[in-house]
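These numbers come from a predicted model, not from an experiment. By convention in this document, chain letters (A, B, ...) are assigned in the order of the sequence lines, proteins followed by strands, and residues within each chain are numbered from 1.
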Amino acid sequence: MKLSLNWLQDYINIDDISIKDYCDRMTNTGSKVEGYECRGDNINNVVVGKITTLQKHPNADKLTICSVDVGTEAPVQIITGAGNVFAGAYVPVALNGAKLPTGQTIKAGKLRGELSFGMLCSISELGLDTHDMPFADEDGILILDDSHAPGTDIRDALMLRDTTVEFEITSNRPDCLSVIGLARETSASFNRPFNIPKPKPTVLNDGDRIENYLSVQIDAPDLCPRYAARVVKNVRIKPSPLWMRMRLRAAGVRPINNIVDITNYVMLEYGQPMHAFDYACLDGSSIIVRNAKEGENFRSLDDVDHKLTSDMLVIADKNKAVALAGIMGGANSEITDSTKTVVFESANFLGASVRVTAKKQGMRTESSSRFEKGLDPENVLPALERACELVNLLDAGDVLPGIADIYPGKRDARVLPFEVEKINRLLATDLSTDYMAKVLTSLGFTVARDTVTVPSWRGDVEGMADLAEEIARIYGYNNIESAHFRANITQGKLTPKQAYEQSMHDLLCGMGLDEICTFSFISPKFYDRIRIPEEDAARRSITLLNPLGEDTSIMRTTALPSMLDTLARNNNHSNPRAALYEIATVYIPQGEDELPHERKTIVIGFYQNGDFYTLKGMCENIITKSRIGKCQYSAYTENPAFHPGKCAIITSPCGKEIGILGEIHPLVAQNYDFDLPVYAAVLDFELLYSLIGPEPQYTPLAKYPASARDFSFVCDETLEVGAIERVIRSAGVKLLEDVRLFDIYRGEQVAEGKKSVAFRISLRSPERTLTDEEADKATAKILAALQRELNINIRS
Amino acid sequence: MKDTLLQIKAEAAESLSDANVDIEAVRIKYLGKKGALTAVLRGMGQISAEERPIIGQLANEIRQYIESAIAEKQEELRYAKLLEKLNKERIDVTVPGAEIPVGRRHPLSIIQRKLEQIFIGMGFEIAEGPEVEYGYYNFEALNIPENHPARDTQDTFYINDKILLRSQTSPVQVRVMEKQRPPIRIISPGRVYRSDAVDATHSPLFHQLEGLVVDKNISFADLKGMLELFAKNMFGGNTKIRFRPHYFPFTEPSAEVDVSCFNCDGKGCRLCKGEGYIEILGAGMVHPNVLRTCNIDPDVYSGFAFGLGIERVVMFKYNIDDMRLLYENDVRFLSQF
């Protein structure tokens with residue numbers, strides 16, 4: 001809401017308050033100031049001048065030399081190229097050193113050998129257009145009327161001196177979307193009186209009455225609590241006067257003509273949207289407020305065609321809709337230059353209905369955005385009377401006696417208990433009853449001994465807490481002393497799961513991975529990119545009804561593509577290496593109207609940071625840190641996102657699938673423009689958490705040394721070392737403490753299709769140092785098992 | 001005799017002061033079987049009985065002196081040799097260190113963690129709730145009925161009539177109050193969604209942190225006190241806060257809270273656009289309707305709630321001018337934190 005301070009001063013005097021103090025105080029009492037603009041500050045040293053004589057420039061056909069009276073003793077000589085000047089004309093004169101809104105600075109100088117002490121101005125040079133100055137010649141010098149003496153500052157002559165303050169008005173205060181509403185706030189904020197004169201239009205006294213023209217009927221009282229109208233005849237359409245045009249301009253509204261300007265002026269002043277119909281276009285002398293017919297056609301003022309539905313409210317005559325209630329008038333009843341009789345509408349419509357209709361039709365207007373916040377039906381008549389008073393003032397037509405006023409939605413004023421003590425307790429203040437009463441009264445509340453009557457325009461005030469806010473904001477939030485509450489001690493802590501998540505972050509960062517943060521919504525194409533089969537269940541995703549675009553249209557069921565996308569972006573940005581992780585939420589759909597399961601997964605991804613075994617080492621660390629026990633890594637060829645020869649699934653000791661890791665399938669890598677290997681792992685965080693082992697219990701450090709035995713053997717390439725290790729571990733050797741693979745060798749001396757594998761086992765007894773015989777015996781048992789179960793012999 | 005001894009001492013000292021001395025030769029010359037000092041001691045028989053103990057003592061002293069001088073010299077030479085070796089091992093310390101990969105938390109996580117730790121320290125627990133949420137929790141239960149104009153300020157992504165992507169973390173408040181009786185002291189950080197196109201200051205997905213306190217006798221002054229404490233913890237001990245009236249459907253009275261700029265201490269700078277203060281929090285006393293919806297009697301209990309945008313804090317704290325950087329995850333960006 002842009003407020004002209006000139007306009008505000010019609011209601012309250014704030015001349016003695018600096019603009020900064022005004023803005024600060026208003027912000028602190030709840031009307032947040034976004035900024036202010038001093039109109040006219042960009043014009044300097046431009047005055048009214050009267051052309052006394054004209055003569056042709058001796059050296060230029062198109063230039064005229066003017067002698068201009070600018071209020072000084074001697075006239076000044078100014079040269080102009082405009083053709084519309086004449087002797088006796090009053091014109092704006094930019095004197096030597098003048099500054100114009102265009103950024104120009106005017107300097108005296110010679111034009112083709114003749115002196116010119118300034119410049120005569122057109123409207124655009126003053127930052128105006130033909131809506132502001134409807135009588136002006138767009139291409140020539142602005143010709144002023146003779147009401148201002150030569151030498152008058154042009155800002156005074158054209159009413160350009162004004163400050164507009166822009167307010168951010170919250171949606172609960174539509175009453176403040178008006179000059180009067182803000183005057184009331186100003187009055188309460190600065191503790192000074194303000195005054196709204198009751199508008200009293202003068203009506204025609206020729207015996208004609210509204211009843212001879214119009215009947216009003218409300219068929220949908222649930223959507224239209226009140227509808228009032230007045231008729232004005234002998235309408236004289238013309239531009240509205242300068243002061244009105246300038247005030248509309250200050251508020252950001254374009255002046256059109258006197259009747260339309262009056263409706264806008266009243267909306268800005270009273271906060272009540274108005275509409276004017278050309279009476280000649282209303283069939284059957286009637287206005288009917290009714291639901292639209294299903295599929296009814298309506299062309300709005302801006303010449304857009306709409307198809308309406310039966311839940312929408314229209315203003316209609318006998319035959320057709322003439323306005324979409326509270327939103328926009330129809331092209332069929334628009335005010336034109338030939339309009340002779342006007343019907344002024346001032347009405348109240350149900351906010352929710354206006355909001356839904358405006359949204360459906362995609363036409364949010366100044367009017368609809370006010371109605372949808374819920375307006376005051378008691379404001380309908382004062383606004384209508386003000387409009388007609390302005391008709392009188394502007395001599396725009398003759399107001400007929402009588403008002404059509406249908407008011408099915410009249411409600412009693414809301415009365416609340418006046419709970420001084422409760423308010424003080426909520427705010428932790430010690431304010432007196434008198435002070436509270438004074439504040440509330442200044443805001444329009446009526447205070448009795450134990451009750452407060454809420455003014456009709458404050459639909460947002462429903463209870464004690466609301467009254468407390470009214471008092472607190474005028475008292476000043478910043479004047480309420482801070483306190484520290486005394487309360488039961490509560491234990492601030494992380495849940496075990498939250499603590500586990502933090503420990504995972506620490507571990508993942510500790511392994512050199514950078515954390516990333518990716519969007520939870522993705523494009524369905526992401527599933528194509530990681531080659532999820534067409535009918536796969538993983539594609540079933542929560543889908544947004546109104547996404548911003550396809551890219552963010554479904555909730556991901558896997559965070560792998562988000563990771564790959566991020567790696568790809570880094571690769572495209574020529575980052576030589578990236579190693580990343582995310583603890584990402586995925587959304588697994590459940591039944592219709594049920595919330596999805598939101599599960600966290602750990603996703604790791606990297607390129608140029610090692611190979612499969614680097615990744616596996618990271619996964620192993622996660623498992624170890626989670627104390628899950630010995631997990632199995634099994635080759636897995638079925639996931640189309642991964643290289644079938646370099647992919648494994650991880651299975652917990654109890655047989656649950658914890659996750660998958662591997663090199664990304666080259667076809668998938670290609671989808672992300674990679675021509676180097678990319679590795680990724682996806683682990684189920686929820687499952688990991690559920691499998692966490694007990695807190696570690698200390699085992700005494702070994703007192704006796706371990707005996708190590710190394711042995712290597714040749715086996716088939718296809719035999720997994722995991723299988724060998726399992727045999728070693730299950731050979732029944734109690735002294736076996738650890739098994740470690742330390743070499744795999746292929747090449748010279750090893751036959752094609754074979755590999756040489758070397759293990760180191762460590763044997764230890766907690767009771768004594770092992771003898772060589774004991775160690776040899778244990779080793780022999782292991783070798784026998786390998787021979788028996790895998791048919792492999794120690795390498796000679 | 002005495003003079004001979006003193007002479008020997010002087011000579012030995014003299015030869016040991018030579019940097020290139022052959023220490024073994026010195027030892028033999030003075031202390032060896034045929035050495036000078038030994039010779040003197042052998043001649044002890046020729047001196048008088050009175051002088052004998054005096055000379056004997058002197059000779060002993062001189063022997064000890066020479067022995068320790070030799071040891072000292074030996075140590076000195078060994079050290080010089082070591083030094084020479086170490087000097088030869090000199091490396092170029094300006095060669096860059098080996099690259100030890102260090103992973104970094106995302107800046108959003110860093111700040112969220114810091115916020116969490118501050119509130120945990122003040123007795124808060126962390127509550128979590130679903131991001132795909134029932135409209136009831138996101139709106140109705142928070143005193144925002146269907147077609148309420150406040151819904152316009154939070155353009156919401158819908159899944160169907162009943163389910164949406166939460167547009168704020170506030171629904172967690174309701175879920176907590178439904179389950180738990182006062183005293184309640186929780187924060188709830190997490191992702192929220194609004195239908196805003198991506199630009200330097202907007203994103204359809206961002207992070208909020210919500211706080212809720214419900215107990216007996218909780219007042220507006222307590223809200224101020226708590227947020228002051230929080231701001232000092234988060235932004236430094238000199239931080240001041242400023243309350244402005246505002247409107248949220250689920251709190252009454254409601255406020256927007258500005259924090260004095262941690263860059264200029266409230267004097268006004270480029271970071272705070274000359275304002276000296278940065279708008280960072282929304283807050284207020286829990287609306288009685290919200291308490292009532294959760295079956296908490298507003299005549300017995302009161303509470304306050306507050307919320308902040310984590311991205312906003314991150315961007316101010318690290319002077320980040322484009323929000324998109326936070327979701328692009330370029331390692332050149334991530335490695336700066």
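Interface remark: Lys32(A) contributes side-chain atoms only to the contact with chain B (heavy atom separation under 4.5 Å). Contact of Ile186(B) with chain A is not made at all, since no heavy-atom distance falls under 4.5 Å. Only the backbone of Glu481(A) comes within less than 4.5 Å of a heavy atom of chain B; no side-chain atom from C-beta onward does. Only the side chain of Ile163(B) comes within contact range of chain A, with heavy atoms under 4.5 Å apart. Looking at Pro174(A), neither its backbone nor its side chain comes within 4.5 Å of chain B, counting heavy atoms on both sides.
Applying the salt bridge (charged side-chain N to carboxylate O under 4.0 Å, His left out) test to residues at least two apart or on different chains, the pairs with a partner in residues 324-337 of chain B are Asp322(B)-Arg324(B), Asp330(B)-Arg332(B).
Contact tally against chain A (heavy-atom pairs below 4.5 Å) for Ala197(B), Pro107(B), Ser302(B), Pro204(B): the top residue is Pro204(B).
Rounding to the nearest 0.5 Å places OG1 of Thr495(A) at 7.5 Å from CD1 of Ile126(B). In this structure, the separation between OH on Tyr581(A) and NE2 on His106(B) is 10.5 Å, given to the nearest 0.5 Å.
Taking 4.5 Å as the heavy-atom cut-off, the residues of residues 511-519 of chain A that approach chain B are Gly512(A), Leu513(A), Asp514(A), Glu515(A), Ile516(A), Cys517(A), Thr518(A), Phe519(A), ordered by number.
Summarising the geometry of Asn570(A) relative to Val331(B), their closest heavy-atom pair is OD1-N, 2.7 Å, with the distance given to 0.1 Å.
Thr357(A) meets the side chain to side chain donor-acceptor pair (under 3.5 Å) test with no other residue; sequence neighbours excluded. With sequence neighbours excluded, the residues that form a salt bridge (charged side-chain N to carboxylate O under 4.0 Å, His left out) with Arg473(A) are Glu185(A), Glu470(A).
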Inset, instruction - Step by step, work out the salt bridge (charged side-chain N to carboxylate O under 4.0 Å, His left out) result for Arg577(A) and Glu99(B). - result: CA-CA 12 Å; Arg577(A) 163 190 169 273; Glu99(B) 263 183 61; 5.6 Å; no
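A donor-acceptor contact closer than 3.5 angstrom links the side chains of Glu128(B) and Gln498(A).
Looking only at distances, a side-chain donor or acceptor of Glu598(A) sits under 3.5 Å from a matching main-chain atom of Glu131(B).
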